[in-house]
There are 2 protein chains.
Amino acid sequence: MTRQRDAVRDALGTAEAFRSAQELHDQLRHQGISVGLTTVYRHLQQLADTGEVDVVRTANGEAVYRRCAAQDHHHHLVCRSCGRSVELSADEVEDWADRIAQTHGFSAVTHTVEMFGVCADCAAAPERIQD
Amino acid sequence: MTRQRDAVRDALGTAEAFRSAQELHDQLRHQGISVGLTTVYRHLQQLADTGEVDVVRTANGEAVYRRCAAQDHHHHLVCRSCGRSVELSADEVEDWADRIAQTHGFSAVTHTVEMFGVCADCAAAPERIQD
DNA sequence: TTATCTGCAAACATTTTGCAGCGAG
DNA sequence: CTCGCTGCAAAATGTTTGCAGATAA
């Protein structure tokens with residue numbers, strides 16, 4: 001509803017990459033759009049709560065965000081180099097998870113499945129690898 | 001090789017629960033064993049590097065540690081209430097992951113699969129739920 | 001106008017690092 | 001004796017919160 005909220009949504013855009021709050025903040029500043037880092041965090045959290053963006057924790061504990069095409073439950077294959085990601089749906093894995101949970105008597109079970117690798121483009125241009 | 005290193009290893013013990021560096025530090029202090037928090041962090045990191053302990057990131061970004069029976073690649077089903085976990089091996093998921101990675105042209109692919117739920121014991125005693 | 005949103009500064013929590021001293025080999 | 005290990009204090013990092021002023025409806 002406000003200029004900043006739209007700015008954060010637009011910053012996420014339709015890009016396939018997961019990006020951190022700070023990266024998004026930098027991006028907006030570079031675009032000449034003045035938004036406080038606090039506000040970026042607040043809107044990302046809100047968007048995540050409504051399920052409009054997905055959040056993944058990187059290995060070092062940083063939260064990275066992406067607006068996904070799929071609204072329903074899915075997973076990601078993320079490029080370590082450029083951050084680009086592919087959305088995956090995996091009935092095979094869902095079935096496995098349900099079965100395992102039942103076998104061990106667990107209830108209210110959720111799961112996270114994230115894959116990290118190097119995409120074909122980045123493998124062809126190794127000098128760009130930065131993570 | 002030192003008293004503190006053994007203390008950290010022993011603190012992890014053979015418990016099935018994942019615990020944070022700070023919890024382990026508190027535990028040692030309560031046992032009357034004086035170890036600096038810094039040292040706990042350093043040894044946990046070292047043990048994680050050698051694969052002797054597994055690390056999982058909780059939803060809020062905290063790192064939790066566990067010494068696993070299985071040394072090779074596996075996953076976990078973790079109880080949100082008591083932290084107890086079950087080690088899982090999942091050829092089904094490994095195969096799926098390999099196939100997906102190949103399909104999308106990714107290389108050097110790793111994956112994380114973690115399941116969180118409430119174990120049968122905790123479901124029977126809901127008042128203990130704390131997370 | 002009036003409730004909400006913003007953004008600075010400060011608080012927070014977790015983890016890492018600098019450095020002087022201790023302890024093991 | 002020497003070099004690595006320890007642990008305090010301080011820094012670094014990523015994120016959240018208090019609050020006064022700006023802004024949208």
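Reckoned from all heavy atoms, side chains included, excluding hydrogens, waters and symmetry mates. If you're wondering where the values come from, they're calculated on a predicted model, not measured in any experiment. Residue numbers begin at 1 in each chain, while the letters A, B, ... track the order of the sequences.
Whole-Å rounding puts the A:L37 CG to D:dT13 P distance at 14 Å. One interatomic measurement links the two molecules: CG of A:L24 to C1' of D:dT15, which rounds to 15 Å at whole-angstrom precision. Across the protein-nucleic acid pair, B:N60 atom CG and D:dT13 atom P stand 21 Å apart, rounded to whole Å. Atom CD1 of B:I33 is separated from atom P of D:dT6 by 14 Å (rounded to the nearest Å). The nearest whole Å value for the distance from the CG atom in A:D26 to the C1' atom in D:dT13 is 15 Å. Atom CD in A:E23 sits roughly 11 Å away from atom P in D:dT15 (whole-Å rounding). Atom NE2 of A:H25 is separated from atom C1' of D:dT15 by 14 Å (rounded to the nearest Å). If you measure from atom CZ of A:R5 to atom C1' of D:dA25, you get 16 Å, rounded to the nearest angstrom.
Counting non-hydrogen atoms under 4.0 angstrom, B:S34 reaches the backbone sugars and phosphates but no base. At the heavy-atom level, B:T2 lies under 4.0 Å from the strands shown only through sugar-phosphate atoms.
Phosphate proximity of D:dT15 to A:Q45: absent, as no side-chain N or O sits under 4.0 Å from OP1 or OP2. OP1 or OP2 of D:dT15 has at least one side-chain nitrogen or oxygen of A:Y41 nearer than 4.0 Å. For the OP1/OP2 pair of C:dC5 and a distance below 4.0 Å, the side-chain nitrogens and oxygens of A:H43 include no atom meeting the criterion. The side chain of B:T39 places no N or O atom within less than 4.0 Å of a non-bridging phosphate oxygen (OP1 or OP2) of D:dT6. A sub-4.0 Å separation between OP1 or OP2 of C:dT14 and a side-chain N or O of B:Q22 is present.
Judged by distance alone, the side chain of B:R19 and the main-chain N or O of B:Y65 form no donor-acceptor pair under 3.5 Å.
Put simply, the side chain of B:V64 does not reach to within 4.5 Å of the side chain of B:V55, judged on heavy atoms.
Side-chain atoms of B:R42 come within donor-acceptor range of the base of D:dG7, with a qualifying N/O pair under 3.5 Å.
Residues B:R99 and A:E92 are paired through a salt bridge, judged by an N-O separation under 4.0 Å between the basic side chain and the carboxylate. The existence of a salt bridge linking B:E16 and B:R67 is excluded, since no basic side-chain nitrogen approaches an acidic carboxylate oxygen closer than 4.0 Å.
Of the candidates C:dT14, D:dG14, C:dT16, C:dT14 carries the atom nearest the B:E62 side chain, counting heavy atoms from C-beta on. If you check D:dA9, C:dG7, D:dT16 against the side chain of A:Q4, the one that comes closest is C:dG7.
Side-chain rings of A:H76 and A:F116 stay apart, their centers remaining 6.0 Å or farther from each other.
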